[in-house]
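Written out below as structure tokens is the structure these notes cover.
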Amino acid sequence: MKRNLLQFLLVAFLSSLVLFSCNNNASVKEKDNEVVASEKDYFNYAGFEFSFTQKSTGTLNSIVHSSYEYKTIDQNGAEITCSGWYEYKLDNELAGFDLIIVDCHGTIMDKTSCPSEKGASFDASYFGSKKVMIIAPDYLGYGSSSGAVHPYCVAELNARNIIDSVLSIKLKTGYKFSENCKTLIMGYSQGGQTSLATYKCIQDCIPAEYKSELNVQKVYSGAGPYNLLATMDEYLSSDSVIAPFIYFVVKAYLSVNYDSLKEYDINDFFTSEFLNNHNQFAPSSPNMRESIDALNYSMSLNGVKVPEGLIEAYLDGADLITIMKNPEYQQFILANSDTVVKFIEYYTYSDITKLVTPQFLDPSSKMTKAFKEVLKQNNIAAGWKPEIPVYIYHHVKDDMVPFKNFEMLKKGMKGCNEIIFDKDEQEFDLEEPFDFVHRHAGAVFYQRVIEDINENF
């Protein structure tokens, strides 16, 4: 029990993901994989003009890396400036580029951990002599758009932002791209959903000239919540509920202003007990420091002080696993585990009624039905078939994103020969504290993707 709760310390406060006990043998039913038409049109490009502004640039080990801003739209269809990161090998600057790799990032909470601040998931040196440009956009709500609510897992809106970020570089810079320049899209976890949604919208939603300009040749999606309704249902039915994930989703979907949800606000979904204590949780929350300070304060009540270096290292965006492998930090957490557990239990709900309202728990309520319908609008596990090769990876024992997403996608894409489904069953050594199958599997995913790109592109 303590081990799982200690893992939550990393999940809820340091990586904002979700730890749960799931039934990987649960059957997939057609009604669970339903798709309904979207009431939002994020792909009306009439009157829209792409823009590109370079914010900063530098060169390190012969890799040119730059942050930039681009124009896109927000939840209401209004134009907004977002940001991102791109990089390439210096010797390709004059020769031009034959390949673009779009890196869709996973869930992040601290604003300073977005790509425009910290770079992509990998660098251009991984691809040998290939003339490649890596583009890693910030999602809406991060970087230059940090004042906006991040539309967490709102598939089509995140896709529109990714598409605009890539087209801004292709259409509004002086870089040379070969006539047949290919684009590959990839992402893991939240990025797994975003990468697949981005291609779906390129295939089915955007003008033909933009689809031709992007020339997407393959998509790599790992451990994504492709069916968000099923993901949330499984999360809520787990042994204990960790507050942030469901809060992220509800707040994001309310921010989109779906007609069917306009009469509701956050107070209709969550109890006053939760909102009074935990309202600091949200992707790109400016109050992330408050969450860390809450831990520090609770420890101080017991005469213990959290090492300042640990807090600052996290807030500065250092790699979390590296932080937790620091012997001093590990010793501190383990030596004070009882206090940490008491604090963590404060944010962990074995009684779901203390987290969400009876109205939200009632499947027959008008509000719950409306909310489930908008989640179905963003279900990308069914209702379409990709026209290009797609690689789908998921570990059967994933402890953050339910494997059920893989199963639903496989069922929803039955008969589509373009998709390669890679079900990973290997065992990982999870003996160290703060270790997860999801994180190990992510490393496997990126390794396999990079190998495939080097071999086939």
Side-chain angles (χ1 to χ4, degrees), residues 50 52 54-70 83-106 114-138 159 161-188 191-192 194-196 198-199 202 210-222 388-391 393 420 442-457:
F50 295 97
F52 172 91
Q54 187 162 286
K55 293 178 62 181
S56 65
T57 189
T59 302
L60 180 65
N61 297 326
S62 299
I63 303 292
V64 179
H65 47 83
S66 302
S67 62
Y68 69 104
E69 292 183 332
Y70 65 96
S83 48
W85 168 282
Y86 67 96
E87 64 176 65
Y88 54 86
K89 287 172 287 188
L90 181 60
D91 56 6
N92 289 335
E93 190 165 34
L94 296 178
F97 305 97
D98 298 327
L99 186 64
I100 293 172
I101 300 175
V102 182
D103 175 28
C104 302
H105 68 76
C114 59
S116 64
E117 297 286 342
K118 295 299 180 182
S121 304
F122 44 83
D123 66 56
S125 65
Y126 290 8
F127 302 100
S129 60
K130 296 183 186 299
K131 299 175 182 178
V132 60
M133 176 182 284
I134 297 170
I135 301 176
D138 295 338
N161 302 150
I162 297 292
I163 290 167
D164 291 350
S165 71
V166 179
L167 286 173
S168 72
I169 292 178
K170 289 211 71 179
L171 300 177
K172 292 296 180 178
T173 68
Y175 293 113
K176 293 193 299 183
F177 298 95
S178 64
E179 185 176 351
N180 192 37
C181 181
K182 300 177 176 64
T183 298
L184 309 176
I185 307 174
M186 63 187 298
Y188 186 76
T194 303
S195 59
L196 191 60
T198 298
Y199 174 69
I202 290 171
Y210 298 155
K211 179 179 178 180
S212 176
E213 181 70 41
L214 291 168
N215 191 24
V216 181
Q217 295 296 303
K218 193 167 184 176
V219 180
Y220 304 88
S221 298
I388 64 169
V390 174
Y391 171 74
Y393 171 91
I420 299 171
V444 173
F445 167 78
Y446 283 109
Q447 180 181 1
R448 292 181 182 180
V449 169
I450 291 169
E451 288 175 353
D452 184 81
I453 293 172
N454 281 322
E455 183 176 343
N456 295 302
F457 292 95

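- For the pair Tyr68 and Ile135, the minimum side-chain heavy-atom distance is below 4.5 Å.
- A heavy-atom distance below 4.5 Å is not found between the side chains of Pro115 and Asp103.
- Side-chain contact between Ser221 and Tyr199: absent, with no pair of heavy atoms (C-beta onward) separated by less than 4.5 Å.
- The side-chain hydrogen bond (donor to acceptor under 3.5 Å, both in side chains) search around Asn456 returns Asp452, not counting sequence neighbours.
- The aromatic rings of Tyr188 and Tyr446 are tilted relative to each other, their planes meeting at an angle between 30° and 60°.
- In this structure, the side chains of Lys170 and Tyr210 stay at 4.5 Å or more apart for every pair of heavy atoms.
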Stepwise, does the side-chain hydrogen bond (donor to acceptor under 3.5 Å, both in side chains) test hold for Gln54 with Tyr86?
CA-CA 10 Å; Gln54 187 162 286; Tyr86 67 96; 2.5 Å; yes
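- With sequence neighbours left out, Thr194 forms a side-chain hydrogen bond (donor to acceptor under 3.5 Å, both in side chains) with Tyr139.
- Taking the six-membered ring where the residue is Trp, Phe97 and Phe177 present tilted rings, their angle falling between 30° and 60°.
- Between Phe457 and Phe127 the shortest side-chain heavy-atom distance does not fall below 4.5 Å.
- Of the listed residues (Leu184, Ile185, Ile388, Leu99), just one forms a side chain to side chain contact (heavy atoms under 4.5 Å, CB included) with Gln217, and that residue is Leu184.
- Glu87 places a side-chain N or O within donor-acceptor distance of the main-chain N or O of Ala124, the cut-off being under 3.5 Å.
- Looking at Cys181 and Ile100, their side chains come closer than 4.5 Å, going by heavy atoms from C-beta outward.
- Sorted by first and then second residue, the side-chain hydrogen bond (donor to acceptor under 3.5 Å, both in side chains) pairs with a member in residues 128-138 read Ser83-Asp138, Ser116-Asp138; sequence neighbours excluded.
- Put simply, the side chain of Ser67 never gets that close to the backbone of Lys55: no donor and acceptor are under 3.5 Å apart.
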